[in-house]
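This report refers to the structure that appears directly beneath it.
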Protein chains: 2
Amino acid sequence: MRAQRSNSRDKILAAAADVARESGPGSLSLDAVASRAGVSKGGLLYNFPTKAKLMQALVEDYLREFERALEAARTAGASGESLLAIYIKLSASDCEEPQPSASWIFSAIAEDPDFLTPIKLFKRQLFERLKGETPDLKALLVCFLAIEGLRSMNLFDSDILSADERGLLVSSLLRIAG
Amino acid sequence: MRAQRSNSRDKILAAAADVARESGPGSLSLDAVASRAGVSKGGLLYNFPTKAKLMQALVEDYLREFERALEAARTAGASGESLLAIYIKLSASDCEEPQPSASWIFSAIAEDPDFLTPIKLFKRQLFERLKGETPDLKALLVCFLAIEGLRSMNLFDSDILSADERGLLVSSLLRIAG
DNA sequence: TTTACTGTACCGTCTGGACGGTCTTGTCAA
DNA sequence: TTGACAAGACCGTCCAGACGGTACAGTAAA
């Protein structure tokens with residue numbers, strides 16, 4: 001019953017995110033993650049030989065999950081819907097949750113800013129993709145940046161907007177996106 | 001020449017920002033700041049008795065400077081210009097500089113997320129003030145969030161937009177702002 | 001004399017990581 | 001079927017180093 005076939009991996013990743021959110025991004029230590037995941041420190045280091053590998057895995061899983069959600073929304077949505085509209089809706093629903101959910105990003109950036117490189121690359125590619133599919137560059141810029149702002153607010157746990165205002169914003173963006 | 005009438009204070013604050021930017025937010029140690037500022041560790045702790053006080057001062061100075069710049073632009077600008085337009089222009093020119101300039105924020109958040117409380121409060125008040133002066137709530141929401149996105153990109157040193165695109169974005173926002 | 005430091009020595013705590021050991025599971029020849 | 005053995009998954013301990021902070025003696029300008 002002890003050997004859980006590397007499902008420990010996911011438990012550890014989830015535990016790391018929890019620790020960062022609840023104890024603050026500066027308190028993301030291997031000990032804290034291990035105890036939270038119900039795993040010994042040795043076991044943690046077995047799955048992720050260094051803290052850097054843990055961070056890297058956190059980033060990669062995050063990106064993989066986002067891409068998955070985007071593709072899912074793309075195939076499930078109405079066929080006439082633009083990618084930009086899908087991105088707006090997906091991001092808005094992501095930011096609906098009160099929990100920042102990704103404050104481990106601050107831990108990663110404190111550890112080494114280079115951990116964010118894959119995220120920057122991903123975002124740049126997404127932007128290029130949107131540019132290719134969106135006729136109106138001005139509309140794209142405004143919408144993309146506004147969504148970036150929404151994500152930023154969520155990340156910093158800075159809930160300035162009321163629910164009504166968020167809804168109004170999203171509908172405005174969707175209208176701009178056309 | 002040694003006793004510089006607490007102008008050391010400013011040197012230390014600037015040094016802290018430099019260290020955070022150049023060595024990464026996780027390397028903001030008291031030793032590093034002291035040596036960068038050309039001050040002994042004892043001297044640093046004379047000016048800021050604890051690291052928390054240093055962080056707090058960093059936040060307060062940042063906010064004070066932003067408010068000063070906003071008021072300056074307000075009185076200097078054309079009298080018909082809306083506060084929103086001024087805010088957009090000021091933020092855009094802030095984000096023009098390639099250097100993040102405020103990556104000490106990540107150090108602060110790693111130390112203790114509560115250090116950001118004054119910033120959140122400031123932003124909320126600014127938003128309320130803008131709501132009071134802007135007739136079109138939808139336009140305000142879009143512009144405010146897009147600027148937030150621009151600031152976020154600058155902070156994360158994620159230069160996805162070209163200079164042309166940034167210009168186009170700003171002019172679009174100013175048109176939306178009316 | 002006071003103010004504003006410098007410089008050094010030091011303490012306690014925490015952290016990442018190395019290491020050796022342990023239990024469990026799977027494999028495969030006899 | 002069974003016994004030997006290899007590999008995988010994990011535990012617990014230990015340690016060097018870095019960090020924040022304290023204490024204190026010295027110094028030089030105002």
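Below, chains carry the letters A, B, ... as their sequence lines are ordered, and counting in each starts from 1. These numbers come from a predicted model, not from an experiment.
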Quiz item: Phosphate oxygens OP1/OP2 of dG21(D): is one of them under 4.0 Å from a side-chain N or O of Thr50(B)?
Solution: yes
Quiz item: Is any NZ, NE, NH1 or NH2 atom of the basic residue among Glu148(A) and Arg151(A) found under 4.0 Å from an Asp or Glu carboxylate oxygen of the other?
Solution: no
Quiz item: Starting at CG of Asp31(B) and ending at P of dT22(D), how long is that distance when rounded to a whole Å?
Solution: 14 Å
Practice problem: Give the rounded distance in Å between these two atoms: NZ of Lys51(B) and C1' of dG21(D). | Solution: 12 Å
Exercise. Whole angstrom is fine here: how far is it from CG in Leu30(B) over to P in dC10(C)?
Key: 20 Å
Quiz item: Would you say dC10(D) has OP1 or OP2 under 4.0 Å from some side-chain N or O of Asn47(A)?
Solution: yes
Quiz prompt | Salt-bridge present (Arg21(A), Glu97(A); N to O < 4.0 Å) | solution = no
Exercise. Let me know the distance between CG of Leu44(A) and P of dC11(D), rounded to the nearest Å.
Key: 10 Å
Exercise. To the nearest Å, give me how far apart CZ (Phe48(A)) and P (dT15(C)) are.
Key: 19 Å
Quiz item: Where each residue is assigned the nucleotide of DNA chain C containing its nearest heavy atom, which of Gly26(A) and Gly42(A) is assigned the position nearer the 5′ end?
Solution: Gly26(A)
Quiz item: For the pair made of OH in Tyr46(A) and P in dT13(D), what is the distance, rounded to whole Å?
Solution: 22 Å
Quiz item: In whole angstrom, what separates Leu54(B)'s CG from dC19(D)'s P?
Solution: 15 Å
Quiz item: In whole Å, what is the span from the CD atom of Glu111(A) to the P atom of dT15(C)?
Solution: 12 Å
Quiz item: What's the spacing between Ile88(B) CD1 and Leu174(B) CG if we round to 0.5 Å?
Solution: 5.0 Å
Practice problem: Name the residue closer to the 5' end of DNA chain C, choosing between Val39(B) and Leu28(A) according to the nucleotide with the nearest heavy atom. | Solution: Val39(B)
Quiz item: Is any N or O donor-acceptor pair between the side chain of Lys41(A) and the base of dG12(D) shorter than 3.5 Å?
Solution: no
Quiz item: Between Glu65(A) and Arg68(A), does at least one N-O distance fall below 4.0 Å, as a salt bridge requires?
Solution: yes
Practice problem: Please check the phosphate of dC14(C) (OP1 and OP2 only) for any side-chain N or O of Ser29(A) closer than 4.0 Å. | Solution: no
Quiz item: Should the pair Asp159(A)-Arg124(B) be classified as a salt bridge under the 4.0 Å nitrogen-to-oxygen rule?
Solution: yes
